[in-house]
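Each remark here refers to the structure printed beneath this line.
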Amino acid sequence: MAKASKRLPRGRAAPRLAKVGPGELLTLLDFVRYAVSRFVEARLAFAHGTTDPVAEAAFLVCEALHLNPEQFEVFASARVTAAESKILLDLIHKRVTTRKPAAYLVNKIYMRGLPFYVDERVIVPRSFIGELLDSHFGSDGEAGSLIDDPTAVTRVLDLCTGSGCLAILAAHHFPNATIDAVDISKGALEVAARNVGEYGLEDRINLYRGDLFAPLGDNRYDLIITNPPYVDAEGMAALPPECRAEPKLAFDGGADGLDVVRRILRDAPDHLTPDGGLICEIGRGRELVDEAFPELPLLWLDTEDSEGEVFWIAAADLG
């Protein structure tokens, strides 16, 4: 989970936004500037697809105006209509006063440039695994490839799939693979089914409801992907309001954050092919994981925005 800014003290009243007069804000850039000022003033947390108030403001403005985020610079100086102005101000007001993640307010998030539907039934996707699929699985990147030929991968498992975004990214990256995606939440699987349907992948992605490997029988996979709950008790108590708007089940990893990770590492050998492997996101718990599993040769992977928050281990090294 990305680093969040300091949250408002409990019991503090939500900020009241001053009324904006007609014609005071004219262009897309005006509304972004106004939003940034209000977000900083309210000390919002940014950990849900955007990492700073400028990116979050631009995201909200573009989505409200049905523009791709990459089009912002093209239209930055364009003026908005009176009706659009009302919509934008309402969104900015809701972001400040409700402290809900922006993705919930517009029911959309982007991963690796692809849009996905989200709502309060799922955690807002912000996994680093999507980037790692591109950089470490069949690419010519400096770090080399963990799987040399993506076309040779025929079975992939996405544990704790949530909105299904990683399963969909895996389907794009491994064109010959069937993907099984598991979640314990009925609501999360409903969201995942919507996303799978929007990408026309119903024939390649199978959704299962259950506790980790329980609904999969003896199935084995060339690759297991998982972004499980990994927040410890101390972290759960300190979650900002934005994260408290998300399903608790998607965060809570038990006292030390490793309850689910231990079970995955314990059972993964029974569900991997001999040449397969597991990629798991663990947040900032690397030191604790290394201490808990000193016998495992975990390979820690870095991305543009993370260092040592995701590990890989080959099936042969799991025993």
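Only a predicted model underlies this, so the values are computations on that prediction, with no experimental measurement involved.
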Are V61 and L88 close enough, and set up right, to give a side chain to side chain contact (heavy atoms under 4.5 Å, CB included), and what steps lead you there?
CA-CA 6 Å; V61 168; L88 289 172; 4.1 Å; yes
For the atom pair [atom1] ([X]) and [atom2] ([Y]), what is the distance rounded to the nearest 0.5 Å?
| X | Y | atom1 | atom2 | result |
| --- | --- | --- | --- | --- |
| C280 | N227 | SG | CG | 7.5 Å |
| L298 | I282 | CG | CD1 | 10.5 Å |
| L159 | R263 | CG | CZ | 10.0 Å |
| W312 | I225 | CH2 | CD1 | 9.5 Å |
| S306 | R126 | OG | CZ | 14.0 Å |
| E295 | L318 | CD | CG | 9.5 Å |

Quickly, which of E309, H136, E281 forms a side chain to side chain contact (heavy atoms under 4.5 Å, CB included) with I129? Name it, please.
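With I129 as partner, side chain to side chain contact (heavy atoms under 4.5 Å, CB included) holds for just one option, E281.
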Among T161, L189, V191, which residue satisfies the side chain to side chain contact (heavy atoms under 4.5 Å, CB included) criterion with V122?
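Of the listed residues T161, L189, V191, the side chain to side chain contact (heavy atoms under 4.5 Å, CB included) partner of V122 is V191.
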Under 3.5 Å, side chain of [X] to main-chain N/O of [Y], donor-acceptor pair present?
| X | Y | value |
| --- | --- | --- |
| T51 | A47 | no |
| T97 | H93 | yes |
| D30 | L26 | yes |
| N176 | T154 | no |
| N195 | Y117 | yes |
| R155 | L223 | no |
| R220 | D218 | no |
| D134 | E131 | no |

Do [X] and [Y] have side-chain N/O donor and acceptor atoms under 3.5 Å apart?
| X | Y | value |
| --- | --- | --- |
| D222 | T273 | yes |
| D305 | T303 | no |
| D119 | N107 | no |
| E246 | H48 | yes |

In terms of the angle between their ring planes, are Y199 and H172 parallel, tilted or perpendicular, with boundaries placed at 30° and 60°?
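Taking H172 first and then Y199, their aromatic rings stand perpendicular (interplane angle over 60°).
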Walk me through whether R194 and E198 qualify under salt bridge (Lys or Arg N to Asp or Glu O under 4.0 Å).
CA-CA 6 Å; R194 175 170 178 164; E198 288 184 353; 3.4 Å; yes
With the 4.5 Å side-chain cut-off for hydrophobic clustering, are [X] and [Y] part of the same group?
| X | Y | value |
| --- | --- | --- |
| L249 | Y230 | no |
| I87 | F31 | no |
| F251 | I184 | no |
| I264 | L288 | yes |

Would you say the side chain of [Y] lies within less than 4.5 Å of the side chain of [X], judging by non-hydrogen atoms?
| X | Y | value |
| --- | --- | --- |
| I279 | F137 | yes |
| R262 | F293 | yes |
| S135 | L132 | yes |
| T226 | D158 | no |
| F75 | L65 | no |
| N68 | C62 | no |
| Y208 | N206 | yes |
| L60 | F39 | yes |

Determine, step by step, whether S127 and L166 satisfy the side chain to side chain contact (heavy atoms under 4.5 Å, CB included) criterion, reporting the C-alpha distance in whole Å, the side-chain angles of both residues, the deciding distance to 0.1 Å, and the verdict.
CA-CA 8 Å; S127 174; L166 289 180; 3.9 Å; yes
Quick one: closest heavy-atom pair of R244 and A237, and the distance?
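For R244 and A237, the tightest heavy-atom pair comes out as NH2-O, 2.9 Å.
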Applying side chain to side chain contact (heavy atoms under 4.5 Å, CB included) to L89 and L25, what does each step give before you reach the verdict?
CA-CA 10 Å; L89 289 174; L25 301 175; 4.1 Å; yes
Thinking salt bridges, do [X] and [Y] make one under a 4.0 Å N-O criterion?
| X | Y | result |
| --- | --- | --- |
| R284 | D232 | no |
| E291 | R286 | no |
| D90 | K86 | no |

For a side chain to side chain contact (heavy atoms under 4.5 Å, CB included) check, start with the C-alpha distance between I313 and L299, then their side-chain angles and the critical distance, and finish with the verdict.
CA-CA 6 Å; I313 186 165; L299 175 63; over 6 Å; no
Test log, rule salt bridge (Lys or Arg N to Asp or Glu O under 4.0 Å), inputs R95 and E242
CA-CA 10 Å; R95 179 65 182 92; E242 283 84 350; 3.0 Å; yes
Carefully, step by step, assess S185 and D183 under the rule side chain to side chain donor-acceptor pair (under 3.5 Å).
CA-CA 5 Å; S185 166; D183 205 287; 4.6 Å; no
Where do Y221 and H271 land on the ring-ring contact (aromatic ring centres under 6.0 Å, His included) test, with the steps shown first?
CA-CA 6 Å; Y221 302 89; H271 295 277; 7.0 Å; no
Within 45° of the six-membered ring axis of Y110 and under 6.0 Å from that ring's centre, is NZ or CZ of R112 located there?
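Pair R112/Y110 does not count as cation-pi.
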